[in-house]
Amino acid sequence: VDDEVNAGSASVLDNIGALSVSAWIYPKDMTNKYIVTKNEFGGTNGWQFNFSSSGDCSNTAQRLRFSVDYVTSDVIRCSTTNAIPFNTWSHVVVTWDGSTDATGVHIYRNGIEVVYAQTVNGSGARRDDSTRDLVIGNDGNGGATAFNGLIDDVRVYNRALSTDEI
């Protein structure tokens with residue numbers, strides 16, 4: 001059983017400005033698990049779309065989280081608790097307009113934008129992610145943050161999809 005897919009770091013994936021990531025997910029649990037990332041656990045160079053139950057999303061489970069690393073302060077947006085049910089398929093999408101303004105991040109479940117519990121703007125220069133691989137289902141180090149469940153039909157776009165496209 002493969003716990004992750006490493007898509008490498010082709011130049012077309014490096015330092016994407018505006019972006020969107022979509023996937024069908026069937027999670028069995030949700031404690032700090034990665035859906036798609038161009039970073040590594042605890043890393044400081046890249047972006048990540050994951051579940052979070054600790055740190056900047058305040059120790060509660062089942063929050064969808066997207067973040068982009070900046071020198072001074074990262075762009076972070078987290079959903080409220082229980083955004084995704086266990087043991088059922090959900091279509092999740094994150095769009096980011098490429099700015100340091102966290103309100104430029106939008107997270108959707110089954111076509112409906114989630115409610116947000118936290119929004120943190122980025123500041124400083126964006127960190128270079130060209131040395132990081134795009135990984136599906138785990139962090140970039142293949143660590144203990146493997147997604148427990150199924151992930152299907154992952155797509156990465158080099159633009160923020162419109163609401164109608166989601």
Side-chain angles (χ1 to χ4, degrees), residues 3-5 7 16 18-44 46-70 73-122 129 134-141 143-166:
D3 291 331
E4 67 184 62
V5 174
I16 298 173
L19 66 84
S20 297
V21 178
S22 70
W24 283 94
I25 60 172
Y26 185 98
K28 296 178 181 176
D29 74 47
M30 298 181 201
T31 306
N32 293 334
K33 306 299 181 183
Y34 285 78
I35 301 168
V36 181
T37 185
K38 193 155 188 329
N39 203 339
E40 61 187 37
F41 184 71
T44 59
W47 55 265
Q48 52 199 339
F49 185 30
N50 64 310
F51 295 119
S52 185
S53 64
S54 64
D56 53 39
C57 285
S58 74
N59 301 324
T60 55
Q62 293 173 264
R63 291 182 190 250
L64 285 170
R65 176 185 185 274
F66 179 77
S67 66
V68 183
D69 293 323
Y70 281 80
S73 174
D74 299 338
V75 170
I76 300 168
R77 199 130 199 225
C78 297
S79 72
T80 57
T81 303
N82 300 319
I84 297 289
F86 295 130
N87 301 312
T88 191
W89 284 102
S90 294
H91 184 245
V92 294
V93 178
V94 61
T95 67
W96 174 51
D97 66 6
S99 74
T100 57
D101 186 346
T103 61
V105 174
H106 300 275
I107 303 172
Y108 301 86
R109 176 181 161 247
N110 296 332
I112 299 169
E113 190 164 8
V114 301
V115 176
Y116 300 103
Q118 184 178 33
T119 300
V120 178
N121 293 332
D129 68 17
L134 180 77
V135 178
I136 301 166
N138 208 342
D139 67 42
N141 282 338
T145 56
F147 186 88
N148 183 14
L150 303 169
I151 301 175
D152 193 25
D153 196 20
V154 173
R155 298 176 186 206
V156 178
Y157 299 87
N158 63 354
R159 62 188 176 84
L161 295 176
S162 70
T163 304
D164 289 341
E165 293 174 297
I166 294 169

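Interatomic distance, CD1 of Ile76 versus CD of Gln48, reported as 9.0 Å (0.5 Å rounding). Between atom CD of residue Glu113 and atom OG1 of residue Thr163 there is a gap of 7.0 Å, rounded to the nearest 0.5 Å. Atom CD1 in Ile107 sits 6.0 Å away from atom CZ in Phe49 (nearest 0.5 Å). Note: Ile84 CD1 to Ser79 OG = 7.5 Å, rounded to the nearest 0.5 Å. To the nearest 0.5 Å, the span separating CG on Leu161 from OH on Tyr108 amounts to 9.0 Å.
Residues Val120 and Ser73 are in side-chain contact: their nearest non-hydrogen atoms beyond the backbone lie under 4.5 Å apart. A 4.5 Å side-chain heavy-atom check between Ser22 and Val92 finds every atom pair outside the cut-off. In this structure, Trp47 and Thr37 have side chains that are not in contact, with every pair of non-hydrogen atoms separated by 4.5 Å or more. Between Phe66 and Cys78, every side-chain heavy-atom pair lies at or beyond the 4.5 Å cut-off. Counting heavy atoms from C-beta outward, Val94 and Trp96 have side chains that stay 4.5 Å or more apart.
Using bins of under 30°, 30° to 60° and over 60° for the plane-to-plane angle, the ring pair Trp24/Trp89 lands in the perpendicular bin.
Looking at Val36, Ile25, Ile35 one by one, the single match for side-chain contact (heavy atoms from CB on, under 4.5 Å) with Val154 turns out to be Val36.
Between the side chain of Asn50 and the backbone N or O of Tyr34, no donor-acceptor pair lies under 3.5 Å. Side-chain N or O atoms of Asp97 include one that pairs as donor or acceptor with a backbone N or O of Ser99 at under 3.5 Å. For the pair Thr80 (side chain) and Arg63 (backbone), a donor-acceptor distance under 3.5 Å is absent. Under the 3.5 Å distance criterion, the side-chain polar atoms of Asn110 are left unmatched by any main-chain donor or acceptor of Ser90. A donor-acceptor contact shorter than 3.5 Å links the side chain of Asp69 to the backbone of Gly46. At distances below 3.5 Å, not a single donor-acceptor pair connects side-chain atoms of Arg159 with backbone N or O atoms of Leu19.
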With side chain to side chain contact (heavy atoms under 4.5 Å, CB included) as the test, would you mind laying out the steps for Tyr116 and Val114 before giving the verdict?
CA-CA 6 Å; Tyr116 300 103; Val114 301; 3.6 Å; yes
Using the rule given for side-chain hydrogen bond (donor to acceptor under 3.5 Å, both in side chains), can you reason through Asp101 versus Thr103, listing the C-alpha separation, both sets of side-chain angles and the distance that settles it, and then say yes or no?
CA-CA 5 Å; Asp101 186 346; Thr103 61; 2.7 Å; yes
Please assess Glu4 against Ile136 for the test side chain to side chain contact (heavy atoms under 4.5 Å, CB included), listing each intermediate value before the final yes or no.
CA-CA 5 Å; Glu4 67 184 62; Ile136 301 166; over 6 Å; no
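Phe147 pairs by the ring-ring contact (aromatic ring centres under 6.0 Å, His included) definition with Phe51, not counting sequence neighbours. Under the side-chain contact (heavy atoms from CB on, under 4.5 Å) criterion, Val156 pairs with Ile16, Val21, Leu134, not counting sequence neighbours. By the salt bridge (Lys or Arg N to Asp or Glu O under 4.0 Å) test, Asp153 pairs with Arg155, sequence neighbours left out.
For the residue pair Thr119 / Arg77, a side-chain donor-acceptor distance below 3.5 Å is found, with atom types taken as modelled. In this model, no donor atom of one side chain and acceptor atom of the other lie less than 3.5 Å apart for Asn39 and Asp129.
When all heavy atoms are compared, the tightest approach of Pro85 to Pro27 is O-CG, 3.6 Å. Taking every heavy atom of both residues into account, Ala18 and Ala160 meet most closely at CB-N, 3.9 Å. Nearest approach of Asn138 to Ala146, heavy atoms of both residues: OD1-N, 3.2 Å.
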